[in-house]
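Reading through the structure tokens given below for one structure.
Both ligands and their constituent atoms are indexed starting at 1 by order of listing.
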Amino acid sequence: MKITKICCIGAGYVGGPTMAVIAQKCPHIQVTVVDLNEQRITDWNDPNTDNIPIYEPGLSEIVAEARGRNLFFSTEVEKAINEAQVIFISVNTPTKTYGKGKGMAADLKYIELCARQIAKVAKENKIVVEKSTLPVRTAEAIKSILDNTGNGVQFQILSNPEFLAEGTAVTDLLNPDRILIGGDTTPEGEEAISALVDVYANWVDKEKILTTNVWSSELSKLTANAFLAQRISSINAMSELCEKTGADVNEVARAIGMDSRIGPKFLKASVGFGGSCFQKDILNLVYIAKSYGLNEVADYWEQVIIMNDHQKKRFSSKIVQTLYNTVADKKITFLGWAFKKDTNDTRESAAIYVADDLINEQAKITVYDPKVSKIKILNDLNYLETRSAEENHATVSTFANAYDACKDAHAIAVLTEWDEFTTYDWQKIYDSMHKPAFLFDGRNILDAKKLEAIGFIYNGIGS
Ligand code: NAD
Ligand code: UGA
């Protein structure tokens, strides 16, 4: 089977970049990305590709090349489903906020809606690909909906989880460590797997394309995120011990990372991991383990989240304690709000929780982030429902550059590791601040010695 038409449901952080790269690398395949969110589709179709809704280095150039040629963004979901041979489901799977599994399980209502819509519309056999991150055995539920509500056509369900990280999405998609495709071991299943392998083989070495059964593929995605997040919680746990003992966590990370069995990546101590997935996926894993009665397994992984929450709290407490146990009416400037550099995504960013704690202590928060707007920052805080939107509005201000944001501040807190922060004239910033001037480097990106020589009271993580 040769694939010539693909549809992707969900034009978000995964659907948009992934499909843009498939379209760029496979000019013979028509790729249509659909979404219910009209504004998002309008933004993807903005004539100036610098205004597309997701900031990722290199993405706007790829969209400029493929859009209108074989890449399309549309709200006509049914039409796109009808025309495609392969339908990727790339909708959000957030943590449930209601009912059974509230606060832990993945909310699959958007997935189910997609399955029902595909079943309703499809008049010919289709391959349905799970691109979203899903609990193990979700393919079973999707298949049941498709087979029981469809028009008698055949569906093959594949699991093809995405491993891209935000901020490096384009390079991750162009040069993936591996592509994982899970499917049925029947002849029809194998044919579907092979059709999808052929799509990726347009730019990925065949040795890097791994095929497994569906359940292994679904569970591998949750496992990968759990292992990555676990490394961060592990080094963050050590950062607290470093602070008590005179060890330096950067030195410890370097020393252990040179062991080839451990490796150097994902050992950067920080104010805590953020992002839309690590927490959600581990909570989901914990929920799945509990639902099978595997309480020790569940407790083991839950500790990764407990440590991460502790690290965020520890950072805000350190700021309060260092500022003589009160931050009331003090101006604290946040450099960075995004959950990591090179993205405009703020979902679950540590900055949100640190700001919330400090506002509870009546601090005034000022933020500068090169890619995040004030509206987004206020929405993030309002979403916590700790206080009214009016109170958040009165407490938080933003500036279009760091120098203005830091003027008259009592303290600066670095929450995101944006490269530009390392290039600033820190003497100038110091001169414009209240004295003593405090700097809390939640990412360990600045030169502590240089800052201390200027006069800053510097606090990093784990030293
Ligand atoms: P997102 O919220 O950015 O995008 C999801 C999009 O789906 C939204 O635009 C929403 O409007 C749309 N949508 C929801 N239901 C729909 C429906 N029935 N019809 C049409 N459109 C619909 O989410 P995301 O960050 O792209 O994540 C999507 C999935 O990919 C999640 O399961 C996530 O865990 C996984 N994932 C995310 C990343 C990442 O870096 N963000 C990486 C790997 C995997
Ligand atoms: C992560 C995974 O890296 C991707 O492989 C996965 O596809 C994705 O989740 C997903 O499923 O959504 P992402 O969350 O975009 O990607 O970004 P990461 O680079 O993993 O960073 C996550 C958080 O951990 C960020 O807040 C980052 O600053 C923090 N981090 C990362 C550290 O604190 N220390 C590190 O050493 C690395």
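An N or O contact shorter than 3.5 Å is missing between Thr133 and ligand 2 by distance. When only interatomic distances are considered, the shortest N/O to N/O separation between Asn37 and ligand 1 does not fall below 3.5 Å. By the 3.5 Å distance cut-off applied to N or O atoms, Asp35 is counted among the residues near ligand 1. Taking distance alone, with nitrogen or oxygen atoms compared against 3.5 Å, Ile232 stays at or beyond that limit from ligand 2. Looking at Lys131 next to ligand 1, no N or O pair under 3.5 Å apart turns up. Below 3.5 Å of separation, one finds no N or O of Ser276 facing any N or O of ligand 2. Residue Val14 has at least one N or O atom closer than 3.5 Å to an N or O atom of ligand 1. Considering backbone and side-chain atoms together, Thr93 places an N or O closer than 3.5 Å to an N or O of ligand 1. At under 3.5 Å, a nitrogen or oxygen of Leu164, whether backbone or side chain, sits near a nitrogen or oxygen of ligand 2. Residue-to-ligand polar distances keep Ser90 apart from ligand 1: every N/O pair is separated by 3.5 Å or more. Backbone and side-chain nitrogen or oxygen atoms of Asp281 are examined, and none is located within less than 3.5 angstrom of a nitrogen or oxygen of ligand 1. An N or O contact shorter than 3.5 Å is missing between Phe273 and ligand 2 by distance.
When the heavy-atom distances from atom 14 (O) of ligand 2 to Phe339, Phe266, Phe163, Tyr13 are ranked, the shortest goes to Phe339. Here the shortest heavy-atom distance to atom 23 (C) of ligand 2, taken over Gly274, Ala253, Gly275, belongs to Gly274.
Neither the backbone nor the side chain of Asp172 has a heavy atom within less than 4.0 Å of ligand 2. Contacts between Arg347 and ligand 1 below 4.0 angstrom, taking non-hydrogen atoms only, involve the side chain exclusively. Residue-level proximity to ligand 1 for Leu36 is carried by backbone and side chain together, each with a heavy atom below 4.0 angstrom. Neither the backbone nor the side chain of Gln117 has any atom closer than 4.0 Å to an atom of ligand 1 (non-hydrogen atoms only). Residue-level proximity to ligand 1 for Ser132 is carried by backbone and side chain together, each with a heavy atom below 4.0 angstrom. At a heavy-atom distance under 4.0 Å, only side-chain atoms of Asn225, from C-beta outward, approach ligand 2. Contact annotation for Ile9 and ligand 1: only side-chain heavy atoms (C-beta onward) come within less than 4.0 Å of the ligand. If you look at Leu164 next to ligand 1, the close heavy atoms, those under 4.0 Å, come from the backbone and the side chain alike.
Within ligand 1, counting atoms from 1 as listed, the ones closer than 4.0 Å to a heavy atom of Tyr13 are 3 (O), 24 (P), 25 (O), 26 (O), 41 (N). In the vicinity of Leu113, heavy-atom distances shorter than 4.0 Å reach the ligand 1 atoms 18 (N). Atoms of ligand 1 lying under 4.0 Å from at least one heavy atom of Lys221, given by number and element, are 43 (C). Listed by number with element, the atoms of ligand 2 under 4.0 Å from a non-hydrogen atom of Glu162 are 7 (O). In summary, the atoms of ligand 1 found under 4.0 Å from a heavy atom of Tyr110, numbered by their order in the structure, are 15 (N). Counting atoms of ligand 2 from 1 in the listed order, those under 4.0 Å from a heavy atom of Ser270 are 32 (C), 33 (O). Heavy-atom proximity to Glu166, at under 4.0 Å, picks out these atoms of ligand 1: 39 (C), 40 (O), 41 (N).
Put simply, part of Arg443 is less than 4.0 Å from ligand 2, judged by heavy atoms. Within the structure, ligand 2 has Lys221 among the residues with a heavy atom less than 4.0 angstrom away. Proximity of Ala165 to ligand 2 is established by a heavy-atom distance of less than 4.0 Å.
A donor and an acceptor atom, one from each side chain of Trp44 and Asp35, are nowhere located under 3.5 Å apart. Remark: the Thr168 side chain and the Asp172 side chain contain an N/O donor-acceptor pair separated by less than 3.5 Å.
The ring of Phe227 has its center closer than 6.0 angstrom to the ring center of Trp301.
Between Glu78 and Lys120, at least one side-chain nitrogen of the basic residue sits less than 4.0 Å from a carboxylate oxygen of the acidic one, meeting the salt-bridge criterion. Under the 4.0 Å criterion applied to side-chain N and carboxylate O atoms, Glu417 and Lys341 are not assigned as salt-bridge partners. In this structure, Lys449 does not pair ionically with Asp447, as no charged nitrogen and carboxylate oxygen lie closer than 4.0 Å. Ion pair Lys79/Glu83 flagged as a salt bridge, since at least one NZ, NE, NH1 or NH2 atom sits closer than 4.0 Å to an Asp/Glu carboxylate oxygen. Residues Arg254 and Glu251 are not paired through a salt bridge, judged by the lack of any N-O separation under 4.0 Å between the basic side chain and the carboxylate. Ion pair Asp205/Lys208 not flagged as a salt bridge, since none of the NZ, NE, NH1 or NH2 atoms sits closer than 4.0 Å to an Asp/Glu carboxylate oxygen. Taking 4.0 Å as the cut-off between side-chain N and carboxylate O, Lys318 and Glu240 do not count as a salt-bridged pair.
Of the protein's non-hydrogen atoms, the one nearest atom 1 (C) of ligand 2 is Phe278 CE2, 3.5 Å.
Annotation: cation-pi geometry not satisfied between Lys126 and Phe155 (NZ/CZ under 6.0 angstrom from ring centroid, within 45° of ring axis).
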